[in-house]
Amino acid sequence: MKISVIGTNYLGATTAAGLAEFGFDVVGVDIDEARVKVLGSGRAPLYEPGLDELLRKHTDSGRLRFTTDYREVADWAQVFFICVGTPQGAHGAADLSQVQAVVDTLAPLLTGPALVVGRSTVPVGTAAWIGRRFAERTGDLPGLEVAWQPEFLREAHAVEDTLHPDRLVFGVCSESAERTLREIFARPIDEGSPVIVTDRETAELVKAAANSFLAMKISYINALAGLCETVGADVSTLADALGHDKRIGRGSLSAGPGYGGGCLPKDLHAFTARAEELGSTELGGLLRQVDLINSARQARIVGVLAEALEGGLEGKAIAVLGAAFKAETDDIRESPALSVAELIRARGAAVTLFDPQAMENARRAFPLITYADSAVDACVGAHAVVHLTDWPQFRELDPRALREVVANPVLIDARLSLDLDAWSEAGWACHPRTAKA
Ligand SMILES: NC(=O)c1ccc[n+]([C@@H]2O[C@H](COP(=O)([O-])OP(=O)(O)OC[C@H]3O[C@@H](n4cnc5c(N)ncnc54)[C@H](O)[C@@H]3O)[C@@H](O)[C@H]2O)c1
Ligand SMILES: O=c1ccn([C@@H]2O[C@H](COP(=O)(O)OP(=O)(O)O[C@H]3O[C@H](CO)[C@@H](O)[C@H](O)[C@H]3O)[C@@H](O)[C@H]2O)c(=O)[nH]1
């Protein structure tokens with residue numbers, strides 16, 4: 001089977017490489033020439049563990065290539081996966097202009113049967129709308145069908161999640177579309193990935209509901225973290241204890257600076273907008289509260305920092321550890337680390353930041369922050385150190401050595417993942433405090 005993947009960044013590049021690994025001939029299409037060139041040379045245009053190797057393997061084998069020209073795939077592929085972006089648009093609703101552009105470019109070029117499979121995250125009703133738009137623009141081409149197969153991969157684990165998905169959700173209108181999807185995903189199905197076959201609306205909703213649920217779990221534990229800070233309780237132990245209950249689970253229960261990234265924030269906003277548009281004010285209200293708790297978390301971290309420093313933040317030098325929205329990625333979209341860094345700067349302090357992978361992206365988007373060549377360099381002369389992205393490298397830092405280079409040994413461990421006993425023993429004032437500390 002010949003497959004085209006349209007849109008080849010975080011989702012699409014991994015999808016294309018994964019489908020080639022499953023044994024198919026794949027052509028990725030993107031309008032970004034620079035991205036297509038890098039991918040064509042077997043390299044990932046972003047930092048994602050294992051992706052470079054998979055891309056190289058299949059560009060070398062000839063099973064995978066990339067183009068900017070839709071004409072190369074229109075008559076060649078039988079299946080088209082849509083993986084373009086669905087960024088936040090007006091009033092939080094999803095901006096579907098990239099999806100619309102794909103339909104409008106592809107439709108006039110199609111001449112025979114095709115299965116178009118949406119993988120982007122979209123508001124419920126989008127697949128039906130795309131189906132109608134294709135029908136209008138192809139003059140009801142026989143054998144053209146639109147299915148929805150949401151993708152649940154996490155950045156930093158994208159390759160593993162693509163090759164061994166937790167579940168596969170097929171939103172289809174026909175048995176033939178289901179058969180095609182079962183054939184494409186035969187390998188993970190044989191390995192035991194559960195398959196849920198449903199209508200397209202349910203498939204679209206599964207994705208929005210899953211991301212909103214993850215955001216809700218994170219906001220719940222962050223709201224509890226605030227309470228724990230007030231009474232000196234330990235939110236990590238609380239989360240461990242909650243997580244042992246199989247009905248709750250430990251995943252997405254790590255308190256921190258709030259959730260960020262290219263998915264959870266925008267997907268929560270889009271789901272809120274769509275739910276309210278469809279009259280579900282209860283769901284809209286719940287999701288709005290989740291969002292409020294998330295933003296408040298970042299302001300609270302800055303408040304804790306300001307209180308920990310004599311005379312507040314004005315004129316102070318603050319070292320920030322981390323720019324990426326989480327570890328093992330160079331993605332800075334909606335990064336809580338950079339939001340906190342900007343809030344600190346807005347209160348009159350100078351920020352010096354280090355991140356193991358996201359420096360280039362951060363420098364481009366936030367030029368007023370100073371960037372250091374290492375975590376230790378970022379801390380030289382600092383009045384406080386704020387730990388905001390949970391890179392394993394930051395857990396290896398030697399608090400005794402760092403104590404020697406800072407102006408003032410104050411640590412805000414916003415990720416709650418450093419060994420605070422070791423830092424306290426080395427003479428640091430650590431926040432947030434627990435009864436233990
Ligand atoms: N990033 C993730 O981990 C992830 C995981 C699951 C689902 N998703 C969803 O997948 C979608 C894509 O996410 P992403 O993070 O890769 O987005 P992105 O914005 O990083 O990438 C979108 C890509 O599509 C390309 N593109 C835009 N218009 C195009 C067109 N008309 N034709 C061809 N290519 C075009 C862009 O050049 C870009 O390379 C979103 O809906 C997102 O919510 C993302
Ligand atoms: O216990 C936790 C878990 C995560 N986070 C933060 O939440 C954000 C999102 O993390 P994660 O879910 O690991 O990252 P993503 O790669 O954005 O993946 C989410 O978004 C993708 C795109 O839709 C989905 O496919 C995934 O299933 C979904 O987990 C990051 O800022 C994390 O630091 C926490 O603060 N505490």
Side-chain angles (χ1 to χ4, degrees), residues 4-15 28-36 38-39 45-46 48 66-70 73 80-88 94-106 118-123 126 149-158 161-162 165-167 206-208 210-215 217-222 225 236 239 243 249-268 270 294 297 322 324-329 331-337 339 388-390 414-417:
S4 177
V5 174
I6 304 180
T8 59
N9 207 26
Y10 292 93
L11 173 65
T14 321
T15 297
V29 182
D30 204 292
I31 51 171
D32 184 327
E33 280 181 24
R35 187 161 294 144
V36 164
V38 173
L39 285 162
L46 44 97
E48 181 63 47
F66 294 89
T67 181
T68 52
D69 189 351
Y70 277 70
V73 295
F80 299 85
F81 280 95
I82 300 182
C83 295
V84 292
T86 49
Q88 185 165 313
D95 170 356
L96 295 177
S97 55
Q98 294 182 29
V99 176
Q100 183 170 322
V102 172
V103 178
D104 293 356
T105 314
L106 185 60
R119 285 204 125 189
S120 302
T121 303
V122 293
T126 302
Q149 193 246 331
E151 169 54 53
F152 304 95
L153 68 82
R154 298 158 298 164
E155 287 177 29
H157 303 272
D161 288 350
T162 301
D166 275 355
R167 78 288 214 191
V206 171
K207 176 68 192 184
N211 273 7
S212 299
F213 190 78
L214 296 173
K217 263 187 111 175
I218 297 167
S219 279
Y220 183 64
I221 200 67
N222 280 334
S236 303
R250 183 63 173 81
S252 296
L253 268 193
S254 295
Y259 57 80
C263 294
L264 260 47
K266 79 158 172 71
D267 291 349
L268 186 99
N294 199 52
R297 190 69 189 150
F325 81 100
K326 65 176 185 180
E328 304 298 344
T329 178
D331 193 348
I332 58 157
R333 292 180 289 182
E334 301 292 321
S335 170
S339 305
L388 283 160
T389 308
D390 50 348
R415 282 284 175 179
L416 308 177
S417 60

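No experiment lies behind these values; they were computed from the predicted model shown. Both ligands and their constituent atoms are indexed starting at 1 by order of listing.
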Closer than 4.0 Å to some heavy atom of [X] - which atoms of ligand 1 meet that?
X      : value
Glu151 : 6 (C), 7 (C)
Ala101 : 31 (N)
Tyr70  : 30 (C), 31 (N), 32 (N), 33 (C)
Lys266 : 42 (C), 43 (O)

Would you mind checking which non-hydrogen protein atom is closest to [atom], with the distance to 0.1 Å?
atom                    : result
atom 35 (C) of ligand 1 : Val84 CG1, 3.5 Å
atom 22 (C) of ligand 1 : Gly85 N, 3.4 Å
atom 21 (O) of ligand 1 : Asn9 CB, 3.1 Å
atom 39 (O) of ligand 1 : Arg35 NH1, 2.4 Å
atom 41 (O) of ligand 1 : Thr86 OG1, 2.5 Å
atom 36 (C) of ligand 1 : Asp30 OD1, 3.5 Å
atom 27 (C) of ligand 1 : Gln98 OE1, 3.1 Å
atom 44 (C) of ligand 1 : Cys263 SG, 3.6 Å

Would [X] count as being in polar contact with ligand 1, using the rule that some N or O on each side must be under 3.5 angstrom apart?
X      : result
Leu11  : yes
Asp32  : no
Arg154 : no

[X] side-chain N/O to [Y] backbone N/O, donor-acceptor pair under 3.5 Å:
X      : Y      : value
Lys266 : Glu334 : no
Arg119 : Ile82  : no
Thr86  : Val122 : no
Asn222 : Gly256 : yes
Glu48  : Ala156 : yes
Arg35  : Val38  : no

task: Of the side chain and backbone of Arg333, name the one, both, or neither that has a heavy atom under 4.0 Å from an atom of ligand 1.
output: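 Under 4.0 Å from ligand 1, Arg333 contributes side-chain atoms alone.
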query: Where the closest heavy atom to atom 1 (N) of ligand 1 is concerned, which of Gln100, Glu155, Glu33 has it?
result: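 Nearest heavy atom to atom 1 (N) of ligand 1 lies in Glu155.
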Which atom pairs, nitrogen or oxygen on both sides, join ligand 2 and the protein at under 3.5 angstrom?
residue	atom	partner	partner atom	Å
ligand 2	1 (O)	Leu253	N	3.1
ligand 2	1 (O)	Ser254	N	2.8
ligand 2	13 (O)	Lys326	NZ	2.9
ligand 2	14 (O)	Lys326	NZ	3.0
ligand 2	16 (O)	Glu155	N	2.8
ligand 2	16 (O)	Lys326	NZ	3.1
ligand 2	23 (O)	Lys207	NZ	2.8
ligand 2	23 (O)	Asn211	ND2	2.8
ligand 2	25 (O)	Phe152	O	3.1
ligand 2	25 (O)	Leu153	N	3.3
ligand 2	25 (O)	Leu153	O	2.6
ligand 2	25 (O)	Lys207	NZ	2.8
ligand 2	27 (O)	Phe152	O	2.8
ligand 2	31 (O)	Gly260	N	2.9
ligand 2	31 (O)	Phe325	O	2.9
ligand 2	33 (O)	Phe325	O	3.4
ligand 2	33 (O)	Arg415	NH1	2.9
ligand 2	33 (O)	Arg415	NH2	3.2
ligand 2	36 (N)	Ser254	O	2.8

task: Would you please determine whether Phe152 falls within less than 4.0 Å of ligand 1 on a heavy-atom basis?
output: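 Phe152: no contact with ligand 1 (<4.0 Å).
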- prompt: Applying a strict 4.0 Å limit to heavy atoms, is Lys207 in contact with ligand 1?
  reply: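 It does; at least one heavy atom falls under 4.0 Å.
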- prompt: What are the two closest heavy atoms between Arg415 and Phe325, and how far apart are they?
  reply: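 Looks like NH2-O, 3.2 Å.
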